[in-house]
Colleague: 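Please find one structure pasted underneath; my questions will follow.
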Amino acid sequence: MNNHQVADIFLAIADLFEIKGETVYKVLAYRKAGEAIHELGTDLRDIWQEDELKSIPGVGTAIAEKIDELYRTDKLEFYEKLTSEVPSGLVEVLAVGNVGPKKAARFWQELGITSVAELERAARAGELQKLSGMGAKSEARILENIETMRERKTDRMLLDKAWAISQVLLEMLRSVPGVLRAEAAGSLRRYRETVGDLDLVLASSVPGEAMKVFVNFPQVARVLGKGDTKTSVELHDGTRVQVWVHPPDRFGSAWQYASGAQAHNVRLRERALRMGLSLSEHGFKKEDGTELICPEESQVYEWLGLAWIPPELREDRGEIAAAEAGELPELVELVDILGELHAHSDWSDGAVSMREMLVAGRDAGLSYFVISDHSRSLGIANGLSLERLEEQREELAGLQAEFGKTFKVLHGAEVEILADGSLDYPDEVLAELDIVIASLHTSLRQTRDVVTERLLRVISNPHVDIIGHLTGRLIGKRAPADLDIERIVNVASAHQVALEINSNPERLDVRDVHARMALDAGCLLAINTDAHHPDHLNFRQFGVGTARRAWAESESIINTWPVDRLQAWLSDRSG
DNA sequence: GCCGTTTTCGGCCCGACTGTTTTCAGTCG
């Protein structure tokens with residue numbers, strides 16, 4: 001049983017409790033514990049074995065005992081008893097939009113509905129609107145929501161898609177009369193690896209006007225809700241967008257609110273209450289009713305006695321305590337990245353020549369660039385034989401002469417980690433390369449012990465400088481390899497091998513919580529794009545966002561170092 | 001059920017929007 005399976009049980013308990021009418025705080029407690037377990041970077045089973053379950057925020061005595069029972073017996077009596085009282089199919093019913101615990105309970109008790117299929121049948125038969133407090137509109141809306149739930153393939157989109165759509169919408173919104181500012185908020189602004197709805201915040205002197213224009217954008221397929229300050233719509237591609245509009249002098253608190261995460265905001269509001277203030281998107285209210293309004297976001301934090309917290313940290317992972325103590329990290333920024341350490345050319349599976357990649361890198365403002373094509377065994381990617389690798393080195397030397405001293409060209413390779421943990425080029429060939437990235441592409445489904453040992457063996461090879469996209473996951477497509485991350489980061493730290501944050505939005509590997517574990521263990525990181533096309537160099541912002549979510553400072557990121565320092569580090573470690 | 005620079009008991013964020021209501025409950029973020 002993995003983290004997510006355990007987490008889902010607690011989330012289901014929360015839902016069923018809510019339908020049953022349990023105290024809301026109990027419901028919240030189970031939900032919070034479930035979410036915390038979902039977000040965990042370490043294997044819950046390891047934490048259980050070390051008897052540290054209660055160190056997880058939101059897990060106390062009662063829930064720790066339940067986790068213990070799950071691992072010992074593979075079942076949970078409490079949960080089985082609960083599902084005998086409240087049908088577990090109602091969890092799915094609760095996932096239908098506009099159906100909450102109260103309605104789900106009534107549908108079940110008054111109409112015997114225990115699944116979405118039954119709900120749909122009842123709605124089509126017009127049975128829902130017969131219930132008191134329900135009408136034809138509510139019934140139609142529920143039916144509509146069941147259909148969209150079915151059509152939506154995945155509920156969350158990748159960061160690059162979210163980014164692209166929001167940039168277009170923001171640009172359009174900024175040209176609406178009266179709109180002074182338009183910014184992205186929500187999980188996109190926090191650079192979460194996937195985004196559900198897009199959240200946009202506007203400052204406007206004439207809010208109603210902005211909303212009217214927005215709902216008539218050609219991208220908008222239907223309006224889900226429309227009010228004075230908040231409008232939500234669905235675009236033709238199914239993307240949901242929420243827009244908030246506030247007057248300019250309240251923009252700061254509105255942007256802060258819409259940026260989340262919810263848990264972060266709840267913490268801030270609790271803190272405000274302790275200071276005799278009530279915080280909402282409109283600003284602060286004192287006990288006597290007078291207001292403190294915040295045109296700038298930093299003022300929200302200022303009134304709370306905190307340094308401004310960068311959005312990527314706002315996950316309730318200790319950032320408020322750090323802000324209070326003045327110990328927030330100096331997060332790495334996009335402009336700190338001086339070089340690209342992982343990029344492909346048409347020598348293997350890249351789209352363009354080495355020269356074109358180098359030109360793109362130079363034009364992107366980088367001062368050094370590694371061409372790292374695939375090694376020989378990855379036939380599907382046209383991996384380089386030893387002979388071709390040698391030819392490539394010669395051509396690259398010529399290119400270096402062309403680009404001159406201000407742009408350093410380095411010869412690397414993305415070397416396959418073979419199924420037995422050996423590498424795809426012999427040590428003497430690795431020694432000739434400027435930089436070696438070792439990556440897994442095959443045999444990802446080996447058992448945890450096998451694949452972990454395989455990586456540990458590679459990490460202890462002195463020629464290996466970077467481990468590329470550690471887990472091999474493809475978000476929404478391919479599960480990560482089952483690895484003992486804690487062991488790997490400790491060994492990588494001991495050998496001073498850097499872990500890559502692969503910036504490709506489909507990978508973002510290592511992910512934020514693992515990158516943070518690595519930094520805590522003293523590991524170095526590299527933020528690479530793994531570009532197969534010049535356009536992919538723009539992925540860097542997503543890698544930087546991920547690093548920031550891991551609380552990374554530039555000192556720990558080897559490609560923020562000037563090339564001399566990087567080369568000194570490379571020769572030190574292989575010498 | 002969890003948690004603690006007000007507390008080991010008594011709290012637990014705040015507001016917008018909708019539909020069905022005659023003043024509000026339910027849902028959502």
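Below, chains carry the letters A, B, ... as their sequence lines are ordered, and counting in each starts from 1.
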Colleague: Round to the nearest Å and state the distance from R240(A) atom CZ to dT27(B) atom C1'.
Modeller: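 In whole Å, dT27(B) C1' lies 13 Å from R240(A) CZ.
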Colleague: For atom P, what is the distance between dC12(B) and dT6(B), given to the nearest Å?
Modeller: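 The answer is 15 Å between these two P atoms.
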Colleague: Students often get this wrong, so: under 4.0 angstrom with heavy atoms, is Y30(A) touching a base, only sugar-phosphate, or nothing?
Modeller: sugar-phosphate
Colleague: Quickly work out the K285(A) NZ to dC13(B) C1' distance and round it to whole Å.
Modeller: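 From K285(A) NZ to dC13(B) C1': 13 Å.
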Colleague: Between dG1(B) and dT8(B), how far apart are the C1' atoms? Round to whole Å, please.
Modeller: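 Here dT8(B) and dG1(B) have their C1' atoms 14 Å from each other.
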Colleague: Distance under 6.0 Å and angle within 45° of the ring axis: does K66(A) meet both against F10(A)?
Modeller: no
Colleague: Figure out the CZ/P separation between R269(A) and dG29(B), and round it to whole Å.
Modeller: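 To the nearest whole Å, that distance equals 15 Å.
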Colleague: Check this one for me: any side-chain N or O of Y25(A) less than 4.0 Å away from OP1 or OP2 of dC12(B)?
Modeller: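 Y25(A) to dC12(B) OP1/OP2: no side-chain N or O under 4.0 Å.
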Colleague: L28(A) near the nucleic acid: base, sugar-phosphate alone, or nothing, with a heavy-atom cut-off under 4.0 Å?
Modeller: nothing
Colleague: Of the nucleotides dG1(B), dG15(B), dG29(B), which one has an atom closest to the side chain of E281(A)?
Modeller: dG15(B)
Colleague: NA contact type, G186(A), heavy-atom cut-off 4.0 Å: base, sugar-phosphate, or nothing?
Modeller: nothing
Colleague: Of all the choices, dC13(B), dT6(B), dC17(B), which nucleotide is nearest to the side chain of D228(A) once you look at every atom?
Modeller: dC17(B)
Colleague: With rounding to the closest Å, how many angstrom separate the C1' atoms on dC2(B) and dT7(B)?
Modeller: 13 Å
Colleague: Identify whether any heavy atom of Q262(A) sits under 4.0 Å from a base atom; if not, whether one sits that close to sugar-phosphate; answer base, sugar-phosphate or nothing.
Modeller: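 Base contact.
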Colleague: Relative to the ring of W255(A), is the ring of F251(A) parallel (under 30°), tilted (30 to 60°) or perpendicular (over 60°)?
Modeller: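 Geometry flag for W255(A) against F251(A): tilted rings.
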Colleague: Relative to the 5' end of DNA chain B, which residue comes earlier, Q242(A) or L277(A), by the nucleotide with the nearest heavy atom?
Modeller: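 Counting from the 5' end, the first nearest nucleotide belongs to L277(A).
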Colleague: How far, in whole Å, is dA16(B) from dT21(B) if one measures between their P atoms?
Modeller: 24 Å
Colleague: Show your reasoning for whether side chain to side chain contact (heavy atoms under 4.5 Å, CB included) applies to R549(A) and R511(A).
Modeller: CA-CA 9 Å; R549(A) 290 178 62 80; R511(A) 54 180 286 226; over 6 Å; no
Colleague: With respect to the side chain of R141(A), which nucleotide from dT18(B), dC13(B), dT27(B) is positioned closest?
Modeller: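 Output: dT18(B).
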Colleague: Out of dC2(B), dG29(B), dG26(B), which nucleotide sits closest to the side chain of K102(A)?
Modeller: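 Selected nucleotide: dG26(B).
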Colleague: When the distance from CD of E18(A) to P of dG26(B) is rounded to whole Å, what number comes out?
Modeller: 12 Å
Colleague: Can you name the one residue among T471(A), I475(A), L474(A) that meets side-chain contact (heavy atoms from CB on, under 4.5 Å) with R507(A)?
Modeller: L474(A)
Colleague: Salt bridge between E312(A) and R317(A), side-chain N to carboxylate O under 4.0 Å?
Modeller: no
Colleague: Using 30° and 60° as the class limits, which term best fits the ring planes of F542(A) and Y191(A): parallel, tilted or perpendicular?
Modeller: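 F542(A) vs Y191(A) ring planes: tilted.
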Colleague: Under 4.0 Å: is that the gap between some side-chain N or O of H264(A) and OP1 or OP2 of dC13(B)?
Modeller: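 The answer is no; no side-chain N or O of H264(A) sits under 4.0 Å from OP1 or OP2.
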Colleague: Have a look at V96(A) and say if it touches a base, only the backbone sugar-phosphate, or nothing, with a 4.0 Å heavy-atom cut-off.
Modeller: sugar-phosphate
Colleague: Pick the nucleotide of DNA chain B nearest each of K226(A) and N265(A); which residue has the one closer to the 5' end?
Modeller: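 Residue closer to the 5' terminus by nearest nucleotide: N265(A).
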Colleague: Just to be sure I understand the rule, does T23(A) reach a base, reach only the sugar-phosphate, or reach nothing, if contact means heavy atoms closer than 4.0 Å?
Modeller: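 No contact.
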Colleague: For dC14(B), give the paired nucleotide (Watson-Crick: N1-N3 plus N6-O4 or O6-N4; G-U: N1-O2 and O6-N3; both under 3.5 Å), or none.
Modeller: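 Result: dG29(B).
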Colleague: Specify the separation, in whole Å, of atom CD1 of I13(A) and atom C1' of dC2(B).
Modeller: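 For the pair I13(A) CD1 and dC2(B) C1', the rounded distance is 15 Å.
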Colleague: Without decimals, in angstroms, what is the distance between I67(A) CD1 and dC2(B) P?
Modeller: 10 Å
Colleague: Could you check whether I63(A) gets within reach of a base, just the sugar-phosphate, or nothing at all, counting any heavy atom under 4.0 Å?
Modeller: sugar-phosphate
Colleague: So, is S138(A) near the phosphate of dT20(B), with a side-chain N or O under 4.0 Å from OP1 or OP2?
Modeller: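 Yes, S138(A) has a side-chain N/O under 4.0 Å of OP1/OP2 on dT20(B).
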Colleague: Name the nucleic acid region contacted by S278(A), choosing base, sugar-phosphate or nothing; use a 4.0 angstrom heavy-atom cut-off, strictly under.
Modeller: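 Sugar-phosphate contact only - S278(A) comes under 4.0 Å of backbone atoms but never of a base.
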Colleague: Would you call E120(A)-R150(A) a salt bridge at under 4.0 Å N-O?
Modeller: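 Judged by the 4.0 Å cut-off on N to carboxylate O distance, E120(A) and R150(A) do form a salt bridge.
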Colleague: With rounding to the closest Å, how many angstrom separate the C1' atoms on dC14(B) and dC9(B)?
Modeller: 25 Å
Colleague: Heavy atoms only, 4.0 Å cut-off, all strands: where does A105(A) land among base, sugar-phosphate and nothing?
Modeller: nothing
Colleague: Charged N to carboxylate O under 4.0 angstrom, R222(A) versus E234(A)?
Modeller: yes
Colleague: Rounded to the nearest angstrom, tell me the gap between atom NZ in K230(A) and atom P in dG15(B).
Modeller: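 Nearest whole value for this atom pair: 13 Å.
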Colleague: Expressed as a whole number of Å, how far does the P atom of dT20(B) sit from that of dT27(B)?
Modeller: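 About 13 Å, rounded to a whole number of Å.
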Colleague: Please state the C1' separation for the pair dC28(B) and dC13(B) - nearest whole angstrom.
Modeller: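 It comes out at 14 Å once rounded to the nearest Å.
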Colleague: Please work out if V24(A) contacts a base, only the sugar-phosphate, or nothing of the nucleic acid, heavy-atom cut-off 4.0 Å.
Modeller: nothing
Colleague: Would you mind telling me which of dT27(B), dC13(B), dG1(B) lies closest to the side-chain atoms of P101(A)?
Modeller: dT27(B)
Colleague: Considering every strand and a 4.0 Å limit on heavy-atom distances, what is the contact class for K32(A): base, sugar-phosphate, or nothing?
Modeller: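 No contact.
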Colleague: In whole angstrom, give the distance that lies between atom NZ of K103(A) and atom C1' of dG26(B).
Modeller: 6 Å
Colleague: To the side chain of T229(A), which of dG1(B), dC17(B), dT6(B) is closest?
Modeller: dC17(B)
